[in-house]
Amino acid sequence: MYVAVKGGEAAINEAHKLLAEERRGDKAVPELSTTQIDEQLSLAVDRVMTEGSLFDRKLAALAIKQARGDLIEAIFLIRAYRTTLPRFGSSIPVDTAEMGIRRRISATFKDIPGGQILGPTFDYTHRLLDFKLAAEEGSDSEAPHVGNADLSATDALLDDAMPRVVDLLGHEGLIEEERPAEDDAEVGDLTREPMSFPVDRDIRLQNLARGDEGFLLALGYSTQRGYGRSHPFAGEIRLGEVAVEFIPEDLGFPIEIGELTLTECQMVNQFKGSAEAPPQFTRGYGLSFGHCERKVIAMALVDRALKGRALGEAVEGPAQDEEFVMEHSDNIQATGFVEHLKLPHYVDFQSELELVRKMRRKATDMSAESADDEIVEAAE
Amino acid sequence: MIGADANGSGADSNAIAATSAGFDNPVLQSQAMYRNLLSAMAQPGRIISCDLSLEVPLPLWPTTAAAALTLLDFDTPLWLDPVAATVLPLSDYLRFHCGCPLVQASGNAAFAIISDPAELPPLNVFAAGTDEYPDRSATLLIQVERLDDSRGVILRGPGIESKQCFQAKGLPSGFWQQVQENHSGFPQGVDMIFCAQDRIAALPRSTQVEV
Amino acid sequence: MTQAAQNAGMQVDQSDVTGEAKAGPDPHYNFAYLDEQTKRMIRRAILKGVAIPGYQVPFASREMPMPYGWGTGGVQVTASIIGPDDVLKVIDQGADDTTNAVSIRQFFVRTTDVETTTHTEEASIIQTRHRIPEQNLSEDQILVYQVPIPEPLRFLEPRESETRKMHALGEYGLMHVKLYEDIATHGHIATTYAYPVKVNGHYIMDPSPTPKFDNPKMHRMPALQLFGAGREKRIYAIPPHTAVYSLDFEDHPFEVQQWEQSCEICGAGDTFLDEVVTDDQGGRMFVCSDSDHCNRHQEAAE
């Protein structure tokens, strides 16, 4: 006799045990520490912090370890943890003009006050597998010319004044001004208020900053290929540390509570002008925790594309479509719903099955009828 | 005047808090009170008894205070009727325990507390939401001396099997006509929760009233 | 810090990451997991939903420790209403032992330590995915639905800004056109689950992907029905005894699925049946999807 499947609970518990085993892998191989992840997989940590919306390297490293290197799963762990944290208030806006710069490049001017600083970048590496890194030990000592850059000497060379390149254009009035409205002091938070369209820029930037890097990369790329093109120039990309200041209610003045590593991209884009505005450059903005350069460039392209409607440009490409972009950028929402297809759908499928059978019976009956008619006709 | 109250020092607030406490166990007591509120809203006109032991500053009643502790926080601007607004211990209590901003413009309030039905302004001074967002509307907590569900006006609509009698003591004249107008604006409108000493009843905008 | 601010916080200790059920709710998390500020926000949204039957109230859905699309909306609704005196039943596809139902039940046992049951009539809160229990519910019960796409017009118009206007203006012509196109093509309405309903004569509402077989149970149900869509950030409700009509046409009235077979376990001929494939030769049998109802019916027969 048929007995309905039971024991979902036991199956789940066993699955969790198997998962723990798989995560650890071969026990003959030393276990990875979260410190190692933080130090040596630092760009993975940066991405998890950015899309997880929580600046905490230790927790991000833990999440990566627990998620077996699946970064979206790690981001998910961080997001779920973040939800449980109490909220004390908002910091005062960080000032990236005052950033302690480690990397700073501009594609718009050959020379800029403070200079171009290459910093730690893959940009001019030849993408040749470095088999020296495959040696399990001792690779540190084998690449002195890479590993021992004289940081103190570099620091000494850096200029104190590193104005943001886009601000230089601003002095000439060549680029659109961006100032928060007087009555718009409150910073929105899409994790506290559901989005309603059209959204304000603060919510848009928050959405994009949390958005999936791959999704933004593809959308940004699409704008370059003509789906909502607006001739971008990388005005400036800078990486470094900024101070975070907070005004406790009982003190009434700002105190520094810590430091963040940020990557910022200010894109300069063409704009032909409209009835209201003279021709001028427009901006796209990208910002991430840590060093997420690809992300901030793509984000700046999409941010600029989404300005299209406000600038009176034709909205033709997906990247210009606010609802489309904002509703599909979150990889935690996306992965949840895409993967929920793994859940049982017996009931809906049964309903569809019954319907398809019914429709096929009807179709078969009808063709049988018409076949009968043909036979009758032939007989006549 | 409310603005002036808002500048009351923290020491005063703490003194008030010490004399008039909030829930002993905020998590479980607010859950229990919420279920009372939910039952009331889901079954318009039905009287729901609330088992509360709260010491609250007059003219606030335990049910009203419990509803406020359950529903209000810094996201919910609160309007107090002009009489209640002058009672410093009351506004301090609500600000301290709920953390809600007090507003003077009734149209900006997410919640309103009307300590005495005689003080109830016309319903249409409160936010009724929009056709696209009818949820952006006020909820009124109206204190009444007595609730009766055996006589009075007849209520029909969602939450009511066939019909429900309802009466609340001391409502201003013309109130039921305003309720009918409130209903006719559906989906826009305000929702009301009547608070007696130890019982509550609700009247959402979806309820039709036969006087 | 004010009392309110303290209440908004909650104690979280990362040290315990094992999930063993123990006596009393897990002390590392707030009761029912959500912090009190979040519960208040959801509680207010539910009250507005109840006051405006069938209207989708936007709410600031939180990131839960389970994936979006796996019941986070229903879980947040249940977490906001549940108390220590509640008795909880969780079903998925009608059954209590489906893996995701088990997982959600474990979550609430861990975070609230409430009593759970598989018996429909013993539950004060029933959280469900894709089914309404066969047994009639009472005024003392609350049915919480997990909803993937709350917007019934979404497949006709993908833009929220447009569908919101359509609801505001009561412009539901598009939905009727869609259903009528089915009739023109197939001779009947080819929607078998998530079959749209009209609530209290006003809003068109998605009943979640329940089979249309269950739609008549929503009409004037004595229990309060709450719907939570976590990823889409919407909550909606149907108060007890509210009129819920499945959309249809005079010449093509709404009808539910029927089976030629009866349940092979309990013999019921009036329930929603799951088809079970028994071999690769086309063998199949039909059994009740509502496992509790099936057990009861079977016990009664013996």
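- C/Arg44 has its side chain out of reach of B/Thr70: every pair of non-hydrogen atoms, C-beta onward, lies at least 4.5 Å apart.
- Note: C/Tyr55 leads C/Phe31, C/Tyr203, C/Tyr55 in heavy-atom pairs under 4.5 Å with chain B.
- Checked by atom type and distance alone, the side chain of B/Arg35 pairs as donor or acceptor with a backbone atom of C/Ile81 at under 3.5 Å.
- Most heavy-atom pairs under 4.5 Å with chain B: of the set C/Ala243, C/Gly170, C/Pro58, this distinction falls to C/Pro58.
- In this structure, B/Asn25 places its CG atom where more than 12 heavy-atom neighbours from other residues, nucleotides or ligands lie under 6.0 Å away.
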| request: Would you check, one step at a time, whether the test side-chain contact (heavy atoms from CB on, under 4.5 Å) holds for C/Glu36 with B/Gln31? | output: CA-CA 10 Å; C/Glu36 292 302 301; B/Gln31 184 276 333; over 6 Å; no

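- Only the side chain of C/Ile142 comes within contact range of chain B, with heavy atoms under 4.5 Å apart.
- At least one side-chain heavy atom of B/Thr139 sits less than 4.5 Å from a side-chain heavy atom of C/Lys48.
- Taking B/Ser206, B/Pro187, B/Pro204, B/Gly157 one by one and counting their heavy-atom pairs under 4.5 Å with chain C, the maximum is reached by B/Pro187.
- The 12-atom threshold is not exceeded at CG of C/Asn136, counting heavy atoms of other residues, nucleotides or ligands nearer than 6.0 Å.
- Among residues 38-49 of chain B, the residues having any heavy atom closer than 4.5 Å to a heavy atom of chain C are, in sequence order, B/Leu38, B/Met41, B/Ala42, B/Gln43, B/Arg46.
- Looking at B/Ser162, neither its backbone nor its side chain comes within 4.5 Å of chain C, counting heavy atoms on both sides.
- If you take CD on B/Glu132 and CE on C/Met166, they are separated by 12.5 Å, rounding to the nearest 0.5 Å.
- Contacts between B/Leu203 and chain C at a heavy-atom distance below 4.5 Å are absent for every atom of the residue.
- The closest donor-acceptor contact from the side chain of C/Arg40 to the backbone of B/Leu71 lies at 3.5 Å or more, if one exists at all.
- Of the listed residues (C/Thr242, C/Leu47, C/Asn200), the one with the most heavy-atom contacts under 4.5 Å to chain B is C/Leu47.
- Closest approach of C/Ser80 to B/Tyr34, counting heavy atoms only: O-CD2, 4.1 Å.
- Smallest separation of non-hydrogen atoms from B/Arg205 and C/Ala51: CG-O, 3.7 Å.
- The closest side-chain donor-acceptor pair between B/Asp75 and C/Gln37 falls under 3.5 angstrom.
- Looking at heavy atoms from C-beta onward, B/Asp131 lies out of side-chain contact with C/His167 at the 4.5 angstrom threshold.
- Heavy atoms of C/Asp86 lying under 4.5 Å from chain B belong exclusively to its side chain.
- Contact annotation for B/Thr130: neither backbone nor side-chain heavy atoms come within less than 4.5 Å of a heavy atom of chain C.
- Residue B/Phe111 touches chain C through its side chain alone, counting heavy-atom pairs closer than 4.5 Å.
- Using a 4.5 Å cut-off between heavy atoms, C/Leu224 touches chain B through its side chain atoms alone.
- Options B/Gly189, B/Gly159, B/Ala202 differ in how many heavy-atom pairs under 4.5 Å they form with chain C, and the most are formed by B/Gly159.
- Counting heavy-atom pairs under 4.5 Å between each of B/Ser30, B/Gly129, B/Cys100, B/Ala32 and chain C puts B/Ser30 at the top.
- Side-chain contact check for C/Pro240 versus B/Glu161: every heavy-atom pair is 4.5 Å or farther apart.
- Of the atoms belonging to C/Gln56, not a single heavy atom falls under 4.5 Å from chain B.
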